[in-house]
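Following: one structure in structure tokens, then a few remarks.
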Amino acid sequence: MTQRLNITNGDSAAGTLSDAGIEGKIIAWRDVLHEGPVDSSLSLEELSKQRARFIAGNNWDDFAHVSGDFVERDRVIQHLDYFDEVVLWFEDDLYDQLQLIQLLDFFSNGEASSKKLSLIVVDGYIPPLSEEELRRLDEERPPVQPEQLALARRAWSAFGSSDPTRIEKILQEPTDALLYLGRALTRHLEEFPSTDNGLSRSEREALTAIDEGHVTPVAAFLEVAKKQESIFLGDLVFYSYLERLSGKDHPLLTWRDGSPVVAPTPAESRDFVNGELTLTALGRDVLAGRKDWQDINTQTRWLGGVEIVPGSPWRWDPNTRHLVRR
């Protein structure tokens, strides 16, 4: 007997679909692809190993747990004999759109390409939707079209490439086939160091929030979330940004007593979120554009297939809204 497979972004959305009585098996994809290395040329198994090492290395999850989750998730989509249809349930933000293009790329190749594939993309969030709204979306779910698969393949390849100008080339062509993809990829490019001060958009917004009086980690996180066209950033990832900006030698921010910020594990976050942060004099200089963070920062960061190393040539120009190479 065959059944339907539903794939969505994370556990909260999966629980919402289950509570609404959506037919078939439901799995959560979970990966925070907008942060850390993503080599789109790797097989699904090898990429999942790369991602599990990164996530565990940042203390966002235990390696055995996250790698086990990924193995089980991957096993399901690689053995589709029991499923007569796959339904993708995703939202409009960067976190979801990257998961979506990864999955569409997977389902456009090999045996997976023979399965009936449908797509539901929500403008906003799945969990707040009523059971009636979810059932209506389910009943009206459209089949995935060839142009959607083709765009997703190109976008996924570009995102996981070491050449970020490939993403800009995607943005220069029509992306209407995947309605929210263009906005999401632009938001990804805004995470490259700015030509103004070397900060990513998220880093700039974090420092600005603290400077304006949102001095606890949770208050700064909530203030930055308000600035997003579509909220995609989780709290633990945001707290890792605070740690990066509180680097040992040249911190842009510290705790009120001058000690460095160390991002918490999930179990430690309750005590962490209520501490008070403050910008250093260097932090105020960088935020004002008097100094460039990339001339000071010694840490690396991966954005998709691009490693941002000290002195990296890639910059985002917020005025022209294009990548430039210094």
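If you read the sequence from its start, that first residue is 1, and numbering goes on from there.
Residues S259 and D257 bring a donor and an acceptor atom of their side chains to less than 3.5 Å of each other. A donor and an acceptor atom, one from each side chain of Y241 and E35, are located under 3.5 Å apart. Side-chain N/O atoms of S194 and R204 include no donor and acceptor closer than 3.5 Å. Side-chain contact of S48 with R73: a donor-acceptor pair under 3.5 Å is present, judged by distance alone. Judged purely by distance below 3.5 Å, without hydrogens or angles, the side chains of N6 and W89 pair a donor atom with an acceptor atom. Using a 3.5 Å distance cut-off with no hydrogens or angles, the side chains of S230 and D92 do pair a donor with an acceptor. Side-chain contact of S118 with E85: a donor-acceptor pair under 3.5 Å is present, judged by distance alone. D96 and N9 are linked by a side-chain donor-acceptor pair at a separation below 3.5 angstrom, with hydrogens and angles left out of the test. At a cut-off of 3.5 Å, with distance as the only test, no side-chain donor of E191 or H34 sits close to an acceptor on the other residue. E23 and Q3 are not linked by any side-chain donor-acceptor pair at a separation below 3.5 angstrom, with hydrogens and angles left out of the test. Counting only N and O atoms by type, the side chains of E133 and S130 include a donor and acceptor under 3.5 Å apart.
Between F70 atom CZ and L44 atom CG the span is 10.0 Å, to the nearest 0.5 Å. In this structure, the separation between OG on S162 and CZ on R166 is 8.5 Å, given to the nearest 0.5 Å. The CG atom of L134 lies 10.0 Å from the CG atom of D19; values are rounded to the nearest 0.5 Å. If you take CG on D211 and CG on L252, they are separated by 12.0 Å, rounding to the nearest 0.5 Å. Atom CG of L323 and atom CG of D317 lie 9.5 Å apart (nearest 0.5 Å). Taking NZ of K227 as the reference point, atom CG of L233 lies at 15.0 Å (rounded to 0.5 Å).
Here R51 does not pair with D39 in a salt bridge; the nearest charged N to carboxylate O distance is not below 4.0 Å. Taking the charged nitrogens against the carboxylate oxygens, K169 and E173 have no contact shorter than 4.0 Å, which rules out a salt bridge. Residues D105 and R153 are not paired through a salt bridge, judged by the lack of any N-O separation under 4.0 Å between the basic side chain and the carboxylate. Salt-bridge annotation for E45 and K49: absent, with no side-chain N of the basic residue lying under 4.0 Å from a carboxylate O of the acidic one. With salt bridges taken as basic N to acidic carboxylate O contacts below 4.0 Å, one links R30 and D11. A salt bridge links R75 to E72: at least one charged side-chain nitrogen sits closer than 4.0 Å to a carboxylate oxygen. R325 and D163 are not joined by a salt bridge, as no carboxylate oxygen comes within less than 4.0 angstrom of a charged side-chain nitrogen.
Side-chain contact between L236 and T265: absent, with no pair of heavy atoms (C-beta onward) separated by less than 4.5 Å. A 4.5 Å side-chain heavy-atom check between T175 and I170 finds at least one atom pair inside the cut-off. Residues V261 and L277 have side chains in contact (heavy-atom distance under 4.5 Å, counting atoms from C-beta outward). With a 4.5 Å cut-off on side-chain heavy atoms, L287 and L207 count as touching. Side-chain contact check for W302 versus I308: every heavy-atom pair is 4.5 Å or farther apart. Using a 4.5 Å heavy-atom cutoff, the side chains of V218 and D235 are not in contact. Counting only heavy atoms from C-beta outward, the side chains of W29 and Q102 approach each other to under 4.5 Å.
The two atoms that bring G36 and F54 nearest to each other are CA-CZ, 3.3 Å, heavy atoms only. Of all heavy-atom pairs between D31 and Y95, the closest is O-CE1, 3.5 Å. Between L185 and A155, the shortest heavy-atom contact is CD1-CB, 4.4 Å. For the pair P260 and S246, the tightest heavy-atom approach, listed with the atom from each and the gap, is CA-OG, 3.4 Å. Between I7 and I77 the shortest heavy-atom distance is CD1-CG2, 3.7 Å. Summarising the geometry of P217 relative to G275, their closest heavy-atom pair is CD-O, 3.1 Å, with the distance given to 0.1 Å.
For F272 and W255, the gap between ring centers is short of 6.0 Å.
Tracing side-chain contacts under 4.5 Å through hydrophobic residues (I, L, V, M, F, W, Y), one reaches F90 starting from V76; they form part of the same cluster. Clustering ILVMFWY residues whenever any of their side-chain heavy atoms sit less than 4.5 angstrom apart, transitively, puts F83 in a cluster other than the one holding I120. Hydrophobic clustering keeps V324 apart from V309 (ILVMFWY residues linked when any side-chain heavy atoms are closer than 4.5 Å, directly or through intermediates). By the criterion of side-chain heavy atoms lying less than 4.5 angstrom apart, applied directly or through intervening Ile, Leu, Val, Met, Phe, Trp or Tyr residues, I55 is grouped together with L47 in one hydrophobic cluster. L33 and I231 end up in different hydrophobic clusters when Ile, Leu, Val, Met, Phe, Trp and Tyr side chains are linked at under 4.5 Å.
K116 places no side-chain N or O within 3.5 Å of a backbone atom of D84 that could act as its donor or acceptor partner. In this structure, E168 contributes its side chain and L189 its backbone to no donor-acceptor pair below 3.5 Å. In terms of modelled atom types and a separation under 3.5 Å, the side chain of E307 and the main chain of T300 share no donor-acceptor contact. Side-chain atoms of K115 come within 3.5 Å of backbone atoms of L80 as a donor-acceptor pair (strictly under, hydrogens ignored). Side-chain atoms of Q148 come within 3.5 Å of backbone atoms of A177 as a donor-acceptor pair (strictly under, hydrogens ignored). R183 places no side-chain N or O within donor-acceptor distance of the main-chain N or O of Y180, the cut-off being under 3.5 Å. Using a distance-only test at 3.5 Å, with no hydrogens or angles considered, no donor-acceptor pair links the side chain of S18 to the main chain of A14. Side-chain atoms of R284 come within 3.5 Å of backbone atoms of L279 as a donor-acceptor pair (strictly under, hydrogens ignored). Judged by distance alone, the side chain of E223 and the main-chain N or O of A209 form no donor-acceptor pair under 3.5 Å.
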(request) Check the pair D123 / L179 against side-chain contact (heavy atoms from CB on, under 4.5 Å), numbers first and verdict last. (result) CA-CA 10 Å; D123 183 1; L179 187 59; over 6 Å; no
(request) Take W156 and F106 through the test ring-ring contact (aromatic ring centres under 6.0 Å, His included) and record every step on the way to the result. (result) CA-CA 10 Å; W156 179 244; F106 175 84; over 10 Å; no
(request) Starting from the C-alpha separation in whole Å, work towards a yes-or-no answer on side-chain contact (heavy atoms from CB on, under 4.5 Å) for L104 and L117. (result) CA-CA 9 Å; L104 288 175; L117 187 63; 4.0 Å; yes
(request) Please step through salt bridge (Lys or Arg N to Asp or Glu O under 4.0 Å) for the pair E131 and R135, ending with a clear verdict. (result) CA-CA 6 Å; E131 183 176 319; R135 288 187 176 279; 3.5 Å; yes
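For the pair R301 and F192, the cation does not sit on the ring face, since its NZ or CZ is not both under 6.0 Å from the ring centre and inside 45° of the axis. Under the 6.0 Å distance and 45° angle rule, R201 does not count as a cation-pi partner of W316.
Partner of L119 under the side chain to side chain contact (heavy atoms under 4.5 Å, CB included) criterion, out of L103, L178, V87, V86: L178 alone.
A tilted orientation is assigned to the rings of F238 and F221, their planes being inclined by 30° to 60°.
Under the side-chain hydrogen bond (donor to acceptor under 3.5 Å, both in side chains) criterion, Q228 pairs with R187, E205, not counting sequence neighbours.
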